[in-house]
Protein chains: 2
Amino acid sequence: MTARRTTMREVALKAGVSVFTVSAVVNASAKVATNTRQSVLEAMRVLDFEPNHAARAMKLAKSMSVTYVVSDPGQFTDEAVGVNLAGMLEALGAHGYNLVIESALKDFSELKRALRQGRIDGAILSAMPPGPMLEELLLWTQPFVLFDQPSAPTGVPTVFASYRSGIEAAVDHVAARGRRRIAFVGGPPVAQLNVLHNVERYAGFTEGCRRAGIAADPTLIVNSDFSIQGGRAAMRRLLEQTPPDAVVCATDRLAVGAVHAIQAHGLRVPDDIAVTGFNDSEFAIATDPLLTSAHFPVREMGFRAAELLIRRIEGRLLPGQERLEIPIDLIVRGST
Amino acid sequence: MTARRTTMREVALKAGVSVFTVSAVVNASAKVATNTRQSVLEAMRVLDFEPNHAARAMKLAKSMSVTYVVSDPGQFTDEAVGVNLAGMLEALGAHGYNLVIESALKDFSELKRALRQGRIDGAILSAMPPGPMLEELLLWTQPFVLFDQPSAPTGVPTVFASYRSGIEAAVDHVAARGRRRIAFVGGPPVAQLNVLHNVERYAGFTEGCRRAGIAADPTLIVNSDFSIQGGRAAMRRLLEQTPPDAVVCATDRLAVGAVHAIQAHGLRVPDDIAVTGFNDSEFAIATDPLLTSAHFPVREMGFRAAELLIRRIEGRLLPGQERLEIPIDLIVRGST
DNA sequence: CTGTTAGCGCATTCAG
DNA sequence: CTGAATGCGCTAACAG
């Protein structure tokens with residue numbers, strides 16, 4: 001099956017040098033006379049030599065690959081995953097690392113095995129649910145970085161965007177446009193997944209109201225799931241009472257549903273009710289009018305996370321630079 | 001950094017057996033007396049032993065990992081990528097394989113290097129543009145499978161859905177509901193990417209019209225890009241003339257835009273104009289009314305592709321089972 | 001500057 | 001059934 005691959009010995013033989021010399025030119029690890037190098041390079045080219053990865057990995061005790069692991073299989077449905085991957089790949093590729101994907105994380109056993117087997121050198125852990133697993137991490141000596149985890153303890157390498165401040169910005173924005181009866185459509189009140197994010201967003205809402213001098217009205221706060229249908233249902237509930245004049249949604253999907261429910265009810269966006277989304281995903285331009293939405297640069301976040309991990313793996317992570325908060329911008333469009 | 005990992009020798013020492021015996025129980029490669037096995041297992045447990053992956057890979061000349069490569073970085077933006085990954089992971093995991101992601105493919109040099117280096121055992125190539133690269137593949141002896149590539153030559157392992165028949169089904173459907181003036185909103189007429197898919201879809205449209213006994217009207221065929229905005233623009237153009245009574249779109253995004261343009265024009269969906277999408281992505285439920293859309297099981301396709309590749313790697317791919325067409329179903333919703 | 005030598009951790013031949 | 005010995009392809013001391 002696998003065609004016999006050429007080895008360093010063959011290259012050395014052909015070039016009339018020792019194996020060491022070949023290794024030296026491959027890794028630029030030692031000075032080699034220009035003409036010897038040339039003949040080695042030539043031999044490599046002719047024989048189409050590529051250094052065997054496994055042998056290298058074994059010798060160096062380094063796999064040159066890292067893993068990206070999501071805490072919930074549902075996350076793969078998120079359209080941001082692909083963009084995130086692209087960002088990580090860019091950073092990893094620049095440093096010669098590979099990205100291996102693990103399926104969703106039930107517990108750490110599989111990940112720890114991969115680490116112990118030397119299959120990977122480190123891990124990027126995305127949106128871990130709070131709980132014992134997260135705390136176990138604090139004891140780890142293995143390189144890892146948390147992704148999208150605002151409440152990570154200090155000292156733990158983390159790349160995140162503050163959902164809280166994103167929602168706050170949305171509330172500020174609609175309040176600045178004179179809206180006073182502001183509703184909030186959030187995610188599931190208690191779920192294994194993303195509770196944290198939900199809590200963050202909810203906190204952003206109450207804080208935003210406080211700053212705007214508005215008493216957050218409990219009847220204007222609705223929990224839902226993160227889906228379009230959930231947004232429709234939640235908004236319908238809000239329309240059963242005196243309608244709000246603005247609705248801040250925890251995701252773009254929810255906002256899409258909200259817009260539909262409002263329009264189906266015979267009201268107009270933004271004239272009667274302003275709506276904000278969250279994530280600035282493509283759903284934000286899938287409504288008419290387009291959605292005002294909180295944007296964070298997913299690709300860049302992936303890039304940063306990978307860079308952080310590499311620094312950590314290579315022992316070049318300086319204290320104070322482990323925690324990276326990515327700013328969120330509110331993109332204002334027609335819905336407000 | 002990396003804590004010294006325990007080796008087979010240490011396990012052997014502790015269990016009072018030879019290294020061979022340990023290897024035998026780890027790989028179940030030879031008969032071992034039950035009680036010796038027990039003590040070995042016990043020693044492994046106590047020492048927390050995991051076989052070193054690199055050493056194994058070197059010895060067996062097998063990396064136990066495969067790669068998934070997209071032909072265009074833009075593909076990572078596609079929300080289907082994540083789902084696809086999940087499907088592949090499921091199949092790969094069941095056979096002990098890892099998935100490593102490569103960044104977009106410019107040429108094959110990087111992929112071939114990975115193969116030669118023994119870093120991967122095979123590759124899943126997604127939506128390759130037609131051209132010399134594709135033809136080069138026919139000469140490959142390395143294991144690979146094409147994904148989402150309807151026109152692959154026979155004999156080349158391929159998993160795909162017939163876009164053509166999907167569009168045909170959409171045309172059939174609206175024609176069966178009495179629509180006669182059917183428009184088509186397609187992707188870019190000539191693009192490096194996905195030309196093939198576009199051609200396929202266009203062919204599906206003309207074939208569908210033929211079968212319905214409708215002369216395909218060139219003024220009702222509009223090319224665009226694959227975006228929501230593109231759909232809006234294309235539909236606006238169609239509304240400048242005598243409006244169609246149905247619009248078949250090449251993607252859900254285009255359909256979303258089309259629905260907006262129609263409604264903004266003061267017409268109703270589906271009463272005045274029926275609209276169909278394609279992909280049954282989440283965008284299909286991001287309109288009001290919801291979109292009728294052609295559905296294909298992305299996750300299953302990923303699963304199948306991975307299985308095919310594994311069979312190919314392990315030399316268990318029987319002739320006649322290399323080409324797998326996944327059926328497309330038309331999901332009928334409110335837009336028609 | 002270059003060649004010799006000794007393993008890295010594991011799977012596997014060949015004797016026992 | 002078990003054990004000692006060999007080598008996979010490469011890197012890195014150590015000598016020359």
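Each chain gets a letter, A, B and so on, in the order its sequence line appears, and its residues count up from 1.
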task: Using whole Å, report how far NE2 of A/His53 lies from C1' of D/dT11.
output: 15 Å
Separation of D/dA4 P from B/Leu13 CG (nearest whole Å): 11 Å
message: When you measure from the side chain of A/Gln149 to the backbone of A/Met128, do you find a donor-acceptor pair of N or O atoms at a distance under 3.5 Å?
response: yes
message: I'd like to know if the side chain of A/Glu10 reaches the main chain of A/Thr7, judged simply by a donor and an acceptor atom lying under 3.5 Å from each other, with no hydrogens or angles considered.
response: yes
- prompt: How long is the line joining CG of B/Asn52 and C1' of D/dC8, in whole Å?
  reply: 13 Å
Donor on one side chain, acceptor on other, A/Asn27 and A/Arg56, under 3.5 Å: yes
message: Classify B/Met8 by what it touches in the nucleic acid, base, sugar-phosphate, or nothing, heavy-atom distance under 4.0 Å.
response: sugar-phosphate
- prompt: Atom CE of A/Met64 and atom P of D/dC10: how far apart are they, to the nearest Å?
  reply: 17 Å
- prompt: Which nucleotide, D/dC1, C/dC10, C/dG9, lies nearest any side-chain atom of B/Met58?
  reply: C/dG9
Side chain to side chain contact (heavy atoms under 4.5 Å, CB included) assessment of B/Lys14 paired with B/Met44: CA-CA 9 Å; B/Lys14 174 139 207 129; B/Met44 281 172 49; over 6 Å; no
message: For a quick check under 3.5 Å, do B/Thr21 and B/Ser18 share a side-chain donor-acceptor pair by atom type?
response: yes
query: Can a donor-acceptor pair under 3.5 Å be found between the side-chain atoms of A/Lys59 and the base atoms of C/dG7?
result: yes
message: Could you check whether any side-chain N or O of B/Thr158 sits under 3.5 Å from a backbone N or O of B/Arg323, counting only pairs where one atom can act as donor and the other as acceptor?
response: no
field: Contact residues, residues 18-28 of chain B to DNA chain C [heavy atom, < 4.0 Å]
entry: B/Phe20, B/Ser23, B/Asn27
task: Could you tell me the separation between the CD atom of B/Glu10 and the C1' atom of C/dC8, rounded to a whole number of Å?
output: 13 Å
message: Can you confirm whether more than 12 heavy atoms, excluding those of A/Lys62, are under 6.0 Å from its NZ atom?
response: yes
- prompt: Roughly, in whole Å, what's the span from CE in B/Met44 to P in C/dC10?
  reply: 10 Å
- prompt: With respect to the phosphate group of C/dT2, does any side-chain polar atom (N or O) of A/Thr36 fall under 4.0 Å of OP1 or OP2?
  reply: yes
- prompt: Would you say the side-chain atoms of A/Ser63 and A/Asp121 include a donor-acceptor pair closer than 3.5 Å?
  reply: yes
task: In whole angstrom, give the distance that lies between atom NZ of B/Lys62 and atom P of D/dG9.
output: 17 Å
- request: Apply side chain to side chain contact (heavy atoms under 4.5 Å, CB included) to the pair B/Arg116 and A/Asp48, showing each step before the final yes or no.
  value: CA-CA 9 Å; B/Arg116 290 194 67 77; A/Asp48 200 11; 3.6 Å; yes
- prompt: Do any side-chain nitrogens or oxygens of A/Arg56 fall under 4.0 Å of OP1 or OP2 in D/dT11?
  reply: yes
task: Let me know, please, whether B/Ala33 or A/Phe49 comes out on the 5' side of the other along DNA chain D by nearest nucleotide.
output: B/Ala33
query: Per the end-axis method with five pairs at each terminus, what is the bend angle of the helix from C/dC1-D/dG16 to C/dG16-D/dC1, to 10°?
result: 40°
